[in-house]
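To start, the structure under review is shown below, and the notes come after it.
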Amino acid sequence: MSYLSLPVTCLLLGTCLLSPLAGQAVAAERQARLIFTAELPRILETEQGDYAELASIVKTQRQQPIPTFFLFGGDSLGPSTLASFDRGSHIIDILNLLEPDAMGVAKREFSFFEDELSLRSYEASFPVVASNLFDPITGGNLDGLESSVIVQQADVRLGVLAVFSPAAAEQYPLNRVMITSPEEAVREQSVLLRQAGAELIVLLYSANFDFVDSLIQQRVIDVALRKNELFRLTKTELPKTLPANINLSAPGEVAVVDLRWTAGAPETLQLEPSFQQLKAQQPDPTVLKVVKSHSARLEQLLGETIGTTTVELDTNRRLVRSQENALANLVVDAMVWHTGADIALVNAGNIRGEKHYPAGTSLTRRDIAMELPYRNQVVLVQVTGKQLLAALENGLSEFELLRGRFAHLSGMKMQFDPSQPVGKRVISVQINGQPLVPKQQYKLATFDYLAEGGDGYKALVDLPQLNYSNQMNKLIAEVVVDYIKLQKNIAPVLQQRLVNTARSQP
């Protein structure tokens with residue numbers, strides 16, 4: 001496999017071959033195969049399979065006598081237990097064994113912000129593509145990333161683009177880079193790719209873009225590939241799209257797409273997709289060995305038992321992002337204990353375990369690192385009731401989409417109605433048994449990520465930071481571990497901290 005970044009010198013490609021059937025000069029039929037998946041941030045922590053099983057699919061397909069391209073859609077450098085320690089380096093190391101033709105950047109590639117993504121791109125032996133990113137320092141893309149590439153297998157030259165939503169800047173408060181219009185970026189880069197000799201153009205994308213079908217109809221791109229598991233969580237039907245716009249929603253799902261077209265006529269493209277499940281594959285032994293070696297690096301530390309839960313806990317993403325949750329209550333209560341705050345607030349997107357813990361389960365450091373994989377630190381800030389109310393409204397602003405900004409609370413009780421317009425969903429708030437007072441000052445414990453405006457929490461930006469006893473720069477996972485070790489047996493319960501009044505209505 002080879003690839004060219006753009007802009008490059010345009011190449012002239014022959015588009016006609018002699019037909020072996022009639023001996024007459026006719027346009028030749030062209031063939032290629034795409035392998036696509038994304039959203040694989042964890043290794044050895046999932047029942048759906050991971051890179052060892054993916055390697056088996058890729059190896060099997062590459063053995064077939066057809067030009068085969070493996071395109072990885074990203075959304076995988078974080079968050080995960082291991083990524084909280086190495087910022088996603090192990091994912092790149094494993095992907096290097098699978099040799100993707102290209103990897104697209106999605107929002108989770110910014111889990112540890114832009115400079116770490118730049119470092120990961122230099123560790124990769126394959127091109128990392130982000131078509132709608134601008135860095136004022138370089139005057140172009142983030143250092144190490146490509147705006148578009150042409151990759152080649154046999155004599156087939158494929159152009160690859162990757163775009164993500166500008167809303168990622170709210171979820172991951174970026175320090176420097178800017179996310180530009182995804183549609184404009186695709187239109188601009190596709191012209192360059194065609195001029196440079198790309199026979200077909202494939203777009204990797206990772207958000208709800210309503211312009212993708214139009215780009216296919218206008219022949220700006222030829223194929224679009226997306227994976228988003230939120231469709232299954234929100235019970236939203238996959239969008240009805242053109243056959244060339246392929247969406248995956250199941251965890252561990254891989255698309256294998258056969259392409260046929262007439263040379264020099266991409267408008268004749270025909271697709272035949274099939275879908276495979278990672279969990280149905282035998283793991284590739286070479287890749288599995290590397291996966292296990294990465295997992296074993298921290299096994300001794302993370303295997304330490306820190307306490308026992310005497311009640312059932314469940315961190316299923318749907319539950320955590322829509323209602324009060326016992327483990328989330330434990331997290332925010334630990335923050336109040338650690339800082340001496342009046343109240344605490346965290347966003348549900350930081351709780352990532354998606355695991356069920358029966359009563360009597362022994363909890364380990366690994367469990368907490370898996371639940372809280374981001375390297376967020378606890379901060380204590382001074383907030384007014386008015387600012388707090390704005391933050392709570394932000395937490396409810398995308399309730400129906402199960403976004404990570406949904407807030408969990410300690411020292412507070414909130415009634416809300418998600419059927420109301422955005423900005424008017426909070427019905428009432430009590431703080432330590434008393435109604436919220438807009439002009440009153442409160443001591444709020446939260447994450448540095450939220451205090452910097454992450455996940456749309458603009459109301460918490462630039463608040464006065466307060467000191468507290470025994471203050472140190474501890475990660476939230478370490479604070480929760482200390483809190484559990486102190487109690488030995490934990491029994492967090494639901495306390496009507498978050499009451500959805502719409503659910504109680506007839």
Side-chain angles (χ1 to χ4, degrees), residues 39 41-42 45-46 48 75 78-80 106-108 111 165 167-168 170-172 206-208 227-237 249-251 312-333 335 344-357 367-368 370-374 376 391-410 412-420 422-423 425-427 446-447 449-450 454-457 460 476-477 480 492 494-504:
E39 291 192 52
R42 294 182 179 176
E45 293 180 356
T46 173
Q48 305 301 329
D75 251 350
S80 71
K107 66 180 183 180
R108 290 177 188 162
S111 293
S165 173
E170 288 190 359
Q171 295 173 283
Y172 303 90
S206 55
N208 294 325
K227 184 176 182 185
N228 189 332
E229 296 181 15
L230 274 176
F231 283 119
R232 69 180 173 89
L233 293 172
T234 57
K235 296 184 178 179
T236 303
E237 290 187 7
S249 66
E312 179 184 23
L313 303 174
D314 192 340
T315 57
N316 173 276
R317 189 181 300 188
R318 168 180 283 279
L319 300 177
V320 172
R321 296 187 177 199
S322 63
Q323 62 193 58
E324 185 181 357
N325 180 271
L327 189 132
N329 284 354
L330 176 78
V331 172
V332 284
D333 288 350
M335 295 167 64
L345 179 154
V346 300
N347 60 321
N350 273 279
I351 300 173
R352 291 280 180 164
E354 291 203 75
K355 185 175 178 180
H356 176 257
Y357 305 85
D367 293 323
I368 305 307
M370 181 174 65
E371 294 292 350
L372 300 165
Y374 290 115
N376 291 315
L392 295 173
E393 287 285 6
N394 173 70
L396 297 169
S397 62
E398 296 183 332
F399 178 86
E400 58 277 2
L401 300 176
L402 294 181
R403 299 299 191 195
R405 65 182 60 189
F406 182 75
H408 290 281
L409 313 173
S410 180
M412 288 183 274
K413 290 187 176 183
M414 176 176 69
Q415 291 187 330
F416 66 97
D417 184 352
S419 68
Q420 295 301 309
V422 171
R425 293 181 168 181
V426 175
I427 295 174
T446 189
F447 293 157
Y449 166 72
L450 299 185
D455 252 350
Y457 279 88
L460 303 183
I476 179 57
V480 173
L494 304 184
Q495 299 175 320
Q496 297 289 297
R497 300 184 187 186
L498 299 169
V499 178
N500 183 345
T501 60
R503 288 180 178 167
S504 61

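By convention here, the first residue in the shown sequence is residue 1. The analysis underlying the following values was restricted to heavy atoms, covering all of them including side chains, and did not include hydrogens, waters or symmetry mates.
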Quiz prompt | Ring centroid separation Phe399 to Phe416 under 6.0 Å | solution = yes
Scanning both residues in full, the closest heavy-atom pair of Ser111 with Pro79 reads OG-N, 4.0 Å
Rounded to the nearest 0.5 angstrom, the CD-CZ distance for Glu398 and Phe406 is 13.0 Å
Report yes if some heavy atom in the side chain of Glu39 is under 4.5 Å from a heavy atom in the side chain of Asn228; otherwise report no. yes
Rounded to the nearest 0.5 angstrom, the CG-CG distance for Asn329 and Leu498 is 7.5 Å
In this structure, CD of Glu371 is separated from CG of Asn350 (nearest 0.5 Å) by 11.5 Å
CG of Leu401 to CZ of Arg321, rounded to nearest 0.5 Å, is 11.0 Å
Worksheet entry | Candidate pair Lys355 and Asp367, rule salt bridge (Lys or Arg N to Asp or Glu O under 4.0 Å), full reasoning | CA-CA 9 Å; Lys355 185 175 178 180; Asp367 293 323; 2.8 Å; yes
Can you confirm whether Arg352 sits close enough to Arg317 that some side-chain heavy atom of one is under 4.5 Å from a side-chain heavy atom of the other?
yes
Please check this pair: side chain of Arg425 against backbone of Gln420, looking for a donor-acceptor N/O pair closer than 3.5 Å.
yes
When you measure from the side chain of Asp455 to the backbone N and O of Tyr457, does any donor-acceptor pair fall under 3.5 Å? no
Side chain of His408, backbone of Leu327: donor and acceptor closer than 3.5 Å?
no
Test your reading of the model: is there a side-chain donor-acceptor pair from Glu393 to the backbone of Val426, 3.5 Å cut-off?
yes
Shortest non-hydrogen pair, Asp75 vs Lys107, comes out as OD1-N, 3.6 Å
*Give a yes or no answer on whether the side chain of Asn325 reaches the backbone of Asp314 with a donor-acceptor pair at less than 3.5 Å.*
yes
Shortest non-hydrogen pair, Ser322 vs Leu402, comes out as CB-CD2, 3.8 Å
Heavy-atom closest pair (Ser206 atom, Ala106 atom, distance to 0.1 Å) is OG-CB, 3.5 Å
Output for pair (Thr501 OG1, Met414 CE), nearest 0.5 Å, gives 10.5 Å
One should read off an interatomic distance between Leu345 CG and Leu460 CG, to the nearest 0.5 angstrom, of 6.5 Å
Would you confirm whether Gln415, through its side chain, and Val499, through its main-chain N or O, come within 3.5 Å as a donor-acceptor pair?
-> no
Exercise. Please examine the side chains of Val332 and Arg497, heavy atoms only from C-beta on, and report whether any two atoms are closer than 4.5 Å.
Key: yes
Heavy-atom nearest pair, Ala207 first then Ser165, reads CB-CB, 3.6 Å
So does Val422 get a backbone contact from the side chain of Ser397, meaning a donor-acceptor N/O pair under 3.5 Å? no
> If only atom types and distance count, is the side chain of Glu324 paired as donor or acceptor with the main-chain N or O of Gln496 below 3.5 Å?
Replying inline: yes
* Asked: Are Ile476 and Tyr374 side-chain neighbours, meaning at least one heavy-atom pair lies under 4.5 Å?
  -> no
When every non-hydrogen atom of Ala328 is compared with those of Ile351, the smallest separation belongs to CB-CD1, 3.6 Å
| Side chains of Leu450 and Asn376: does their closest heavy-atom pair fall under 4.5 Å? | no
